[in-house]
Structures are given as structure tokens and as C-alpha cells.
Novice: 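Please see the structure below; I have some questions.
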Amino acid sequence: MEQVRTRFAPSPTGALHAGAVRTALFAYLVAKHSNGKFILRIEDTDQLRNVDNATQNIIDSLKYLGLNWDEGPDIGGSFGPYTQSQRLDIYKSWANKLITDKRAYVDPYSKEELEALRTKAKTQKKPFLFRDHRPTKFETWNGTKPLRFLSEPKTYKWNDAIMGNLSSGPESIDDFIIIKSDGFPTYNFAHIIDDYLMKISHVIRSQEFLPSVPKFLNLYEALNIQVPIMATPPQVLNENNSRKLSKREGAKQLLEYKKIGILPEAMINMIASLGWNDGTNNEIFSLEQLVKIFELSRVQRSGARFSEQRLLWLNGYYIRHLDENQLLNKVKSFWPKSATKYSKEYKLKVLNLIKERLKYLDEIPKLSEFFFSDLPINNQLILKNSSLSKLKTSEIVDLLKKTKASLMKSDFSIENLTEKLNELLKLTNQPPAILFSLIRIATTQSPASPAIFETLNVLDKDRSLKRIDALINNLSEA
RNA sequence: GGCCCUGUCGUCUAGCGGUUAGGACAUCAGGUUCUCAUCCUGAAGAUCGCGAGUUCGAAUCUCGCCAGGGUCACCA
């Protein structure tokens with residue numbers, strides 16, 4: 001069997017979002033599953049819609065997820081160039097071949113004339129087919145007018161690796177433009193030539209292209225090219241409606257998720273589960289596992305909605321389960337400013353305490369600030385605590401003083417802190433809801449924190465006592 | 001409008017003629033010495049879009065209908 005070669009072929013017209021990236025993931029998985037090659041090709045044939053940084057955005061997005069390509073515009077390969085605008089001569093020579101074979105001709109109509117024909121068909125409630133208006137005599141192609149494929153309408157039956165058996169009638173086939181008047185090819189033409197020359201074995205592309213497949217099949221025949229395996233994953237839908245995911249409907253750029261600290265592992269897992277599962281109850285899949293077990297035949301045919309909620313759950317899962325040093329490494333750019341002067345070891349301790357509370361890494365500053373700097377005293381924390389608000393200020397100060405006395409004698413190991421604070425519960429005859437809440441508020445000045453023994457242990461003795469002192473002074477003054 | 005695709009808990013899905021229709025996210029309740037989480041346990045949640053038919057038996061097969069989506073460019 002020939003080598004499996006798949007490609008991701010986006011046009012650089014904007015930033016990548018989850019829908020497009022899923023097509024890339026599936027193509028990557030199909031290739032790697034069979035030890036094949038994954039190719040990146042940039043389809044920049046629409047000069048008007050090209051966006052400057054879009055290619056970079058595509059590259060950054062794929063790299064973020066670790067979907068590395070074997071051949072592409074940046075790294076080359078045996079079948080380059082991998083940017084369509086650099087392949088115009090190739091398309092031109094194939095187009096000339098079609099002209100010679102009488103399977104392509106110059107479109108003589110102006111845009112206005114074409115528009116008029118379309119409107120007429122519409123008012124007559126008839127489908128518009130260009131082939132009903134083919135010129136009787138073909139002009140010589142000098143590159144200034146669009147070149148059209150001369151189609152041979154017929155019925156097709158074909159198999160799609162995901163959608164199964166599909167069929168279409170002759171009405172789906174028309175003369176379409178293969179080279180535009182600016183000399184650039186259309187997608188419909190260029191991708192077929194490129195897939196052939198780049199020896200692509202599986203064409204994986206999203207469902208919006210499905211209605212065009214009969215046209216492609218007709219062109220494959222005219223060019224006498226073998227049709228690759230086609231696989232058409234269903235659409236990824238917006239969270240709020242049932243339309244396909246798109247920028248207009250508010251789909252986030254993939255890199256936005258990187259920015260707020262969504263781990264690539266979580267994003268890969270999320271995207272893979274959109275329309276695919278392995279048939280078991282397993283929900284967690286690493287990229288390596290996916291490469292092993294992914295199969296196109298298990299891809300769903302119905303559309304799937306992208307869920308940020310589920311993404312956050314997955315992200316939390318990976319944050320909790322990743323190796324601590326690996327996580328520490330990924331977290332680097334998310335620490336609060338105040339953390340800069342602290343050691344790696346200290347940060348690791350903090351990270352281990354807060355990681356089970358994280359949904360995304362950008363929450364780190366909010367949850368860890370008090371480990372690195374003294375927050376201003378916030379009396380609301382006591383006033384809004386249902387147990388503490390019932391106590392008089394003098395009682396609270398008294399409790400704080402007793403706490404201080406007790407903690408002075410502690411070596412601040414977790415074991416010793418547990419022992420000392422349990423003794424204190426008995427001594428003061430207070431429930432944990434009062435005493436521990438108070439200590440937590442005094443030492444963190446935050447509405448939420450990790451468990452009290454661990455928190456004190458990491459903060460250390462000096463800082464804990466200093467903060468308790470500060471609160472005693474503050475309350476005594478009032 | 002033509003052509004094409006889809007239709008199981010709110011969401012993602014398992015299911016391929018016989019199941020109490022299973023799981024996950026989300027929701028709600030209880031437990032974990034204090035908060036927020038995590039974790040554990042439990043609850044609620046789908047007459048399988050609707051209607052016929054085939055069959056002893058249908059979410060699963062057939063037909064019709066309905067609903068949703070895609071596409072009909074010198075865009076991809």
C-alpha cells in the first residue's frame with residue numbers, strides 16, 4: 001500500500017478557530033496512525049481576502065497544539081512549494097492541457113452579463129447552470145479572462161470514509177472557473193492538482209465542501225487523475241446556535257485559549273471528542289493515544305457543538321494530573337508580578353496547593369497573590385463570614401492573640417501545625433468554623449485559599465505571625 | 001427554490017432487532033476538622049424528531065412527513 005499522506009490546507013484569510021483546527025487534527029491523526037506524513041499547504045489564491053499575519057497565526061496555532069507537519073511552507077519538502085501563490089506556473093500548464101483536450105474554455109461573459117443570466121434564472125425559478133450558456137465558439141486564452149472547466153454532467157456514486165455512500169445527479173455538475181482573470185487558480189482547481197502532485201492519499205475537509213464533490217469527481221476524470229480517499233467530518237457548531245462555527249458567530253481564535261492558559265492537551269482532547277469517540281466510556285485521550293486508536297470510521301456524521309464548559313473541565317483535569325515539574329514549566333508566564341523574586345521550589349509548593357482549584361492558568365495570580373505579597377487588610381472578610389460576624393471585636397482579638405502564642409511554639413511543619421491548632425481548638429473551646437476561618441482570613445486576606453495547615457506551612461512562620469500581628473493591630477485601633 | 005447532509009438526556013455521546021436506553025460535562029443534594037476547589041456518594045434528566053409499515057419483538061430495518069444545517073461566487 002502507498003504511504004498515507006494527508007494535508008491541512010487553510011487559506012490565510014484570518015485566525016484559526018476550533019472548527020478548522022479539528023480538521024487539521026483529524027488529518028494529522030489519520031497520517032500518524034499509519035506512520036504517514038502530515039503536510040501543511042497554504043491556499044492563498046484569493047488575493048483580496050489574504051490577511052497579512054494569517055499564515056503565522058496558522059503556524060502558531062498548530063504548533064501550540066503540537067500538530068507538527070512533515071512538509072510545509074516553512075520547512076519545505078520534496079513536493080514544494082507549499083504555498084499556492086508560488087505554484088501558478090504549475091496550474092497554468094495543467095489548464096493548458098485541459099484546453100488542448102477541449103475540456104476548458106474561455107468564459108466570454110462580463111460579470112454584469114453573468115449576473116443578468118443568474119437573475120433571469122432566478123425569476124423563472126430555475127436553477128442556474130453555466131453550461132446552458134456555453135459559447136458556441138471558444139476564444140483563445142490570453143490570461144485576461146477566466147478559464148472554465150467544460151463539464152460532462154453525469155450521475156456519481158462515491159464513498160466517503162466518514163459519510164458513507166453518497167450520490168448525486170447531473171444537476172450538481174456545472175462548468176466552473178478554474179483560472180480567474182487575475183491568473184490565479186480557484187480552490188476547485190488548485191487543490192486537485194496539488195493533492196495529486198503532493199501524493200495526498202486522504203483528502204479530509206469540512207462538510208461545506210460536500211456539495212462540490214461531484215464537480216471535483218468530474219474534473220478528476222477529465223484530468224485522468226485517481227481520486228484520493230475522501231473524508232468529510234461534520235461541522236463544528238457554535239455554542240449558542242446551530243450554525244457552523246465561524247468568526248462572525250463569535251468563535252474565539254484558537255490562540256485566545258492559549259493566552260488564558262488552556263493546555264494543548266485539553267484542547268486536543270476537546271476537539272477530538274467533537275464527533276469522535278473510541279466506543280468505550282473513556283473521556284481522556286492524549287495525542288499519543290489518539291494517534292494509536294483514532295479511526296475515521298468512528299467519526300460522527302452529525303454536527304457537534306463546541307463547549308467551553310467542557311473544555312474548562314478537561315483543562316482542570318490536565319492541570320491536576322500533569323507531572324508537577326511539567327506543569328511548573330507550562331505555568332511560567334502566568335505568575336503574578338510579585339512572584340518574580342521567589343524560587344522555583346517555593347513556586348512549586350504554591351502550585352501544588354492551588355492547582356486543584358485552577359480551571360485555566362490565567363487564574364493563577366488571583367489564587368496565589370497572597371503567597372507572594374501582603375495583601376491589604378480587608379475587614380469585609382470577617383464581617384461577611386456568618387460565624388465570625390457574630391463575635392465581638394474584642395473576642396476576635398483575643399482569639400488572634402491566643403493563636404499567635406500557640407503558633408510561636410510551632411516549627412510550622414504540617415504535622416506540628418495540625419497538632420498545635422487542634423490543641424488550640426480545645427483550649428479556646430471554638431469550632432473549626434470560627435478559629436480556622438479566622439486564621440485563614442488573617443494570614444491570606446483572601447476570600448478563598450487552600451487548606452489552612454498547608455497554607456501556613458508554605459507561608460512560613462515569620463510571615464504568618466506578622467500578618468496575624470497586623471490584623472490584631474488593625475482591629476485594636478478600630 | 002434546486003441539490004446534499006443530519007435528527008438518542010440541556011450539551012458531547014454509547015448503542016448496529018430483545019438493555020431497567022449506558023457514560024461524560026453541566027445542574028441539584030450529602031460527605032471530606034475552615035473558605036474555594038478537588039475527591040467520594042447519590043438524585044434529577046432522553047416516551048430515542050413525528051407517523052405508518054416489516055417483525056413475536058424496533059432507538060436499531062423500510063417508507064412518508066417534519067425540523068435543523070450545508071451549498072448553489074472570478075471565496076475557500
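A, B, ... follow the sequence lines: proteins, then strands. Residue 1 opens every chain. In what follows, every heavy atom counts, from backbone to side chain, and hydrogens, waters and symmetry copies are set aside.
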Novice: How about A:Ser307 and A:Gln309: does a side-chain donor come under 3.5 Å of a side-chain acceptor?
Specialist: no

Novice: What interatomic distance, in whole Å, is found between P of B:U8 and the corresponding atom of B:G69?
Specialist: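 These two P atoms come out 15 Å apart once rounded.
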
Novice: Report which part of the nucleic acid A:Pro146 touches: base, sugar-phosphate, or nothing (heavy-atom distance under 4.0 Å, all strands).
Specialist: base

Novice: What integer distance in Å separates A:Arg205:CZ from B:C75:C1'?
Specialist: 15 Å

Novice: Using a 4.0 Å heavy-atom cut-off across all strands, classify A:Ser449 as base, sugar-phosphate, or nothing.
Specialist: base

Novice: Which nucleotide in the set B:A73, B:A76, B:U33 lies at the smallest distance from any side-chain heavy atom of A:Arg118?
Specialist: B:A73

Novice: Of the nucleotides B:C74, B:C12, B:A26, which has the atom closest to the A:Gln309 side chain?
Specialist: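 For A:Gln309, the side-chain atoms sit closest to B:A26.
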
Novice: What is the distance, rounded to the nearest whole Å, between atom CD1 of A:Ile173 and atom P of B:C4?
Specialist: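 For the pair A:Ile173 CD1 and B:C4 P, the rounded distance is 12 Å.
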
Novice: With a 3.5 angstrom cut-off on both distances, give the Watson-Crick or G-U wobble partner of B:A24, or none if there isn't one.
Specialist: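 The base-pairing partner of B:A24, which may sit in any strand shown, is B:U11.
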
Novice: So what's B:C34 paired with, Watson-Crick or G-U wobble, going by both distances under 3.5 Å?
Specialist: none

Novice: Of the listed nucleotides (B:C34, B:U38, B:A76), which one gets closest to any side-chain atom of A:Lys359?
Specialist: B:U38

Novice: Heavy atoms under 4.0 Å, any strand shown: does A:Asp174 hit a base, just sugar-phosphate, or nothing?
Specialist: nothing

Novice: Just checking, is any N or O donor in the side chain of A:Ser151 or A:Asn218 under 3.5 Å from an acceptor N or O on the other one?
Specialist: no

Novice: So A:Phe209, base contact, sugar-phosphate only, or nothing? Heavy-atom distance under 4.0 Å.
Specialist: base

Novice: May I ask you to check if A:Arg148 and A:Phe130 form a cation-pi contact, with NZ or CZ under 6.0 angstrom from the six-membered ring centre and within 45° of the axis?
Specialist: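 Checked: cation-pi criterion met.
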
Novice: Considering only B:C4, B:C74, B:C36, which nucleotide approaches the side chain of A:Ala448 most closely?
Specialist: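 Side chain of A:Ala448 sits closest to B:C36.
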
Novice: In whole angstrom, give me the gap between the C1' atoms of B:U47 and B:C40.
Specialist: 33 Å

Novice: Under 4.0 Å: is that the gap between some side-chain N or O of A:Arg298 and OP1 or OP2 of B:G15?
Specialist: yes

Novice: Return the nearest nucleotide to the side chain of A:Ala304; candidates are B:U13, B:C74, B:C3.
Specialist: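 Comparing B:U13, B:C74, B:C3 against the side chain of A:Ala304, the answer is B:U13.
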
Novice: For B:U13, take OP1 and OP2 only and decide whether either is under 4.0 Å from a side-chain N or O of A:Asn277.
Specialist: no

Novice: Does one side chain, of A:Tyr105 or A:Asp175, offer a donor that lies under 3.5 Å from an acceptor on the other?
Specialist: yes

Novice: A:Phe306 CZ to B:U13 P: how many Å, rounded?
Specialist: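 Computing the A:Phe306:CZ to B:U13:P distance gives 13 Å.
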
Novice: For the C1' atoms, the ones on B:C9 and on B:A14, what distance do you get once it is rounded to whole angstrom?
Specialist: 13 Å

Novice: Could you tell me the separation between the CG atom of A:Asn282 and the P atom of B:G23, rounded to a whole number of Å?
Specialist: 15 Å

Novice: Using the C1' atom on both, measure B:C25 against B:G51 and round to a whole Å.
Specialist: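 Approximately 34 Å lies between the C1' atom of B:C25 and that of B:G51.
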
Novice: From the options B:U11, B:G2, B:C75, select the nucleotide whose nearest atom is closest to the side chain of A:Glu171.
Specialist: B:G2

Novice: Would you say the ring centroid of A:Phe453 lies under 6.0 angstrom from that of A:Phe412?
Specialist: no

Novice: Check the distance between B:A73's C1' and A:Phe184's CZ and give it to me in whole angstrom.
Specialist: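 Going from CZ in A:Phe184 over to C1' in B:A73 covers 18 Å.
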
Novice: Measure from the side chain of A:Glu356, starting at C-beta and using heavy atoms only, and say which of B:A76, B:U33, B:U38 lies closest.
Specialist: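 The answer is B:U38, which lies nearest to the side chain.
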
Novice: A:Pro450 near the nucleic acid: base, sugar-phosphate alone, or nothing, with a heavy-atom cut-off under 4.0 Å?
Specialist: base

Novice: Distance check: side-chain N/O of A:Lys215 vs OP1/OP2 of B:U71, anything under 4.0 Å?
Specialist: no

Novice: Rounding to an integer number of angstrom, what distance separates B:U20 and B:A67 when you compare their C1' atoms?
Specialist: 31 Å

Novice: Taking 4.0 Å as the cut-off, does a side-chain nitrogen or oxygen of A:Lys244 come that near to OP1 or OP2 on B:U71?
Specialist: yes

Novice: Please state how far atom CG in A:Asn281 lies from atom P in B:G23, giving the value in whole angstrom units.
Specialist: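 Distance check: A:Asn281 CG to B:G23 P gives 8 Å.
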
Novice: Name the closest nucleotide to the A:Gln300 side chain, picking from B:C74, B:U6, B:A14.
Specialist: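 From the listed options, B:A14 comes nearest.
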
Novice: Using heavy-atom distances to pick each residue's nearest nucleotide on RNA chain B, tell me which of A:Glu283 and A:Ser172 is more 5'.
Specialist: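 Its nucleotide being nearer the 5' end, the pick is A:Ser172.
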
Novice: If you look at every strand shown and take non-hydrogen atoms under 4.0 Å, does A:Leu358 touch a base, only sugar-phosphate, or nothing?
Specialist: nothing

Novice: Would the A:Trp313 and A:Tyr318 ring centres measure less than 6.0 Å apart?
Specialist: no

Novice: Taking any heavy-atom pair under 4.0 Å as a contact, classify A:Gly275: base, sugar-phosphate, or nothing.
Specialist: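 Sugar-phosphate contact only.
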
Novice: Atom CZ of A:Arg320 and atom C1' of B:U38: how far apart are they, to the nearest Å?
Specialist: 6 Å

Novice: Run the salt-bridge test on A:Glu113 and A:Lys111 with the 4.0 Å N-O cut-off and return the result as yes or no.
Specialist: no

Novice: Look through every strand shown and name the nucleotide pairing with B:A29 as Watson-Crick or G-U wobble, where both distances are under 3.5 Å.
Specialist: B:U41

Novice: Would you sort out whether A:Trp276 and A:Phe285 count as a ring-ring contact (aromatic ring centres under 6.0 Å, His included), showing the intermediate values?
Specialist: CA-CA 11 Å; A:Trp276 175 88; A:Phe285 301 99; 5.2 Å; yes

Novice: Just wondering, are more than 12 heavy atoms of other shown residues or ligands nearer than 6.0 Å to NZ in A:Lys92?
Specialist: no

Novice: Of the listed nucleotides (B:A76, B:G22, B:U33), which one gets closest to any side-chain atom of A:Thr45?
Specialist: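 Closest of the options to the side chain of A:Thr45: B:A76.
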
Novice: In whole angstrom, give me the gap between the C1' atoms of B:A44 and B:C3.
Specialist: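 One C1' to the other, the span is 44 Å.
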
Novice: What does B:C63 pair with, Watson-Crick or G-U, if both distances are under 3.5 Å?
Specialist: B:G51

Novice: Quick one: on RNA chain B, does A:Thr186 or A:Leu425 contact a more 5' nucleotide (nearest heavy atom)?
Specialist: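 The answer here is A:Leu425.
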
Novice: With a 4.0 Å cutoff (strictly under), does any side-chain N or O of A:Arg305 reach OP1 or OP2 of B:C12?
Specialist: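 It does, given that an N or O in the side chain of A:Arg305 lies less than 4.0 Å from OP1 or OP2 of B:C12.
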
Novice: Both distances below 3.5 Å, Watson-Crick or wobble geometry, any strand: find the nucleotide opposite B:G57.
Specialist: none

Novice: Is there a Watson-Crick or G-U wobble partner for B:G2 with both distances under 3.5 Å, and if so, which one is it?
Specialist: B:U71

Novice: What is the nucleic acid contact for A:Leu114, judged by heavy atoms within less than 4.0 Å: base, sugar-phosphate only, or nothing?
Specialist: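 The residue A:Leu114 makes sugar-phosphate contact but no base contact.
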
Novice: What contact category does A:Arg310 fall into here, base, sugar-phosphate, or nothing, at under 4.0 angstrom with non-hydrogen atoms?
Specialist: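 Result for A:Arg310 = base.
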
Novice: With rounding to the closest Å, how many angstrom separate the C1' atoms on B:C74 and B:C12?
Specialist: 41 Å

Novice: Send over the distance from A:Ile452 CD1 to B:C36 P, rounded to a whole Å.
Specialist: 14 Å

Novice: Classify A:Lys122 by what it touches in the nucleic acid, base, sugar-phosphate, or nothing, heavy-atom distance under 4.0 Å.
Specialist: nothing

Novice: Aromatic contact between A:Tyr91 and A:Phe184, with the criterion being ring centroids under 6.0 Å apart: yes or no?
Specialist: no

Novice: Base, sugar-phosphate or nothing for A:Thr418? Non-hydrogen atoms, less than 4.0 Å.
Specialist: base

Novice: Base, sugar-phosphate or nothing for A:Ser181? Non-hydrogen atoms, less than 4.0 Å.
Specialist: base

Novice: Just compare B:U33, B:U35, B:C74 and give me whichever is closest to any side-chain atom of A:Phe436.
Specialist: B:U33

Novice: Please report the distance separating the P of B:G49 from the corresponding atom of B:A21, rounded so that it comes out in whole Å.
Specialist: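 Roughly 16 Å separates the two P atoms.
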
